[in-house]
Amino acid sequence: MAENPLEKHWLMSNPLLRVIRKVAARIYYDTLIRKTQTFGDVTWLGKPVWQNVQDLWTLQEIICQIKPSLIIECGTNRGGSSFFFATLFDLMGTDGKIVTVDVEKLHDMSHPRITYLLGSSTSDEIYHQIKAMADGVKGPILVMLDSDHSQKHVAGELERYAPLATVGSYCFVQDGCIDTEFMYRKARPGPLPAIEEYVAAHPEFQVDHALCERFVVTHHPLGWLKRVA
Ligand SMILES: C[S@@+](CC[C@H](N)C(=O)[O-])C[C@H]1O[C@@H](n2cnc3c(N)ncnc32)[C@H](O)[C@@H]1O
């Protein structure tokens, strides 16, 4: 990612203005969450996709850059994010496929690029199915964890699925905002401690801070784990 031009701006060299800017960003983010009801009613081509639209744009940029042959998604929900990936692959004309898993079936969608699995992402049965798909793929693999955001579950998903991300690609862990935003405090501990522990124990992954801060405010602090080795 390119350098952050904001860092060199004269407004950021003044410590007081730097603090004011940070406070303003937090107020904007809080307003954004409340106004969109945590992005619960966002749609992509008419289908519900439960994503912060700024983070979704970053995801689009990375998918276009990496051109994954497989995206592994934990947390299908109403199917919008996997549909988003599939339509990006359609537009890009690549061979990309998606496997997505949820404990509940909350949609009646289908797309030739998408395999829908039902069960817990951390169960042996689901893991072995996804691992077999990953083993059959020659190109890049991108992983996105967006299911149960509790620390324990995210830690379990990281152990299983992060190693399936290929070198140069990412394991994208969603919703670290649970641990930073007061309004989500009841869901703590969330993804952040799981991410921090995983990265500390796995030097083959590094947090891509520039990507996390791409649009200043994000639902996914420390969420973009780049596989570097
Ligand atoms: C935040 S939603 C996913 C949103 C979806 N990725 C999107 O962008 O539209 C989280 C989903 O994770 C599912 N979930 C919860 N626990 C799970 C588990 N153990 N394994 C798989 N999915 C789980 C929930 O049923 C819910 O539909």
Side-chain angles (χ1 to χ4, degrees), residues 32-33 36-63 68 70-89 96-111 113-131 133-134 142-162 164-165 170-181 183-184 186-192 194-195 218-221 223-224:
L32 193 60
I33 292 172
T36 61
Q37 295 177 38
T38 315
F39 295 91
D41 61 356
V42 170
T43 56
W44 168 254
L45 301 178
K47 309 288 184 198
V49 54
W50 198 356
Q51 294 288 323
N52 175 326
V53 292
Q54 291 165 319
D55 293 313
L56 198 58
W57 197 260
T58 308
L59 195 48
Q60 171 273 131
E61 291 180 346
I62 285 302
I63 288 170
L70 181 67
I71 296 178
I72 297 168
E73 177 187 57
C74 296
T76 314
N77 195 250
R78 292 161 293 162
S81 42
S82 47
F83 179 65
F84 174 76
F85 304 145
T87 53
L88 286 185
F89 287 150
K97 299 268 190 301
I98 301 107
V99 58
T100 180
V101 58
D102 204 295
V103 280
E104 279 186 88
K105 188 167 187 312
L106 299 167
H107 64 91
D108 60 357
M109 291 173 63
S110 69
H111 190 286
R113 292 179 183 269
I114 307 175
T115 302
Y116 298 97
L117 301 178
L118 208 51
S120 179
S121 55
T122 50
S123 70
D124 288 345
E125 192 194 343
I126 293 294
Y127 169 71
H128 290 308
Q129 289 182 69
I130 293 178
K131 174 81 165 67
M133 290 182 75
L142 179 75
V143 174
M144 181 168 113
L145 307 182
D146 186 24
S147 70
D148 173 346
H149 299 298
S150 66
Q151 176 185 3
K152 187 165 177 251
H153 189 79
V154 174
E157 285 186 335
L158 276 166
E159 286 300 333
R160 298 215 116 164
Y161 297 108
L164 303 185
Y170 291 86
C171 177
F172 179 32
V173 188
Q174 293 219 328
D175 289 310
C177 60
I178 287 169
D179 299 291
T180 58
E181 296 307 304
M183 71 176 82
Y184 300 133
K186 288 188 180 148
R188 293 175 191 171
L192 278 194
I195 293 171
T218 178
H219 257 54
H220 318 301
W224 284 99

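When a residue number appears, it is its place in the shown sequence, counting from 1. When reading the values below, keep in mind they use all heavy atoms of this one structure, side chains included, and skip hydrogens, waters and symmetry mates. Whatever order the structure lists them in is the order used to number ligands and atoms, beginning at 1.
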Nearest non-hydrogen protein atom, [atom]:
atom	value
atom 25 (O) of ligand 1	Asp102 OD1, 2.7 Å
atom 23 (C) of ligand 1	Ser147 CB, 3.4 Å
atom 7 (C) of ligand 1	Ser81 OG, 3.1 Å
atom 8 (O) of ligand 1	Gln51 NE2, 2.8 Å

(Q) Using a 4.0 Å cut-off to any heavy atom of Gly119, which atoms of ligand 1 qualify? (A) 20 (N), 21 (C)
Q.
Test of understanding: given a 4.0 Å heavy-atom threshold, classify the contact between Arg78 and ligand 1 as side chain, backbone, both, or neither.
A. neither
Q: Measure the distances from the heavy atoms of Glu73 to every atom of ligand 1 and state whether one is below 4.0 angstrom.
A: yes
(Q) In this structure, does ligand 1 have an atom that sits under 4.0 Å from one of the heavy atoms of Thr76? (A) yes
Q: Quick one: do Val101 and Tyr127 satisfy side-chain contact (heavy atoms from CB on, under 4.5 Å)? Show the steps, please.
A: CA-CA 10 Å; Val101 58; Tyr127 169 71; over 6 Å; no
Q.
Going by the rule side chain to side chain donor-acceptor pair (under 3.5 Å), which residues pair with Arg160 if we only count those two or more places apart in sequence or in a different chain?
A. Asp124
Q | salt bridge (charged side-chain N to carboxylate O under 4.0 Å, His left out): pairs with one or both residues in residues 96-108, sequence neighbours excluded | A | none
Q: Step by step, work out the ring-ring contact (aromatic ring centres under 6.0 Å, His included) result for Phe83 and His107.
A: CA-CA 11 Å; Phe83 179 65; His107 64 91; over 10 Å; no
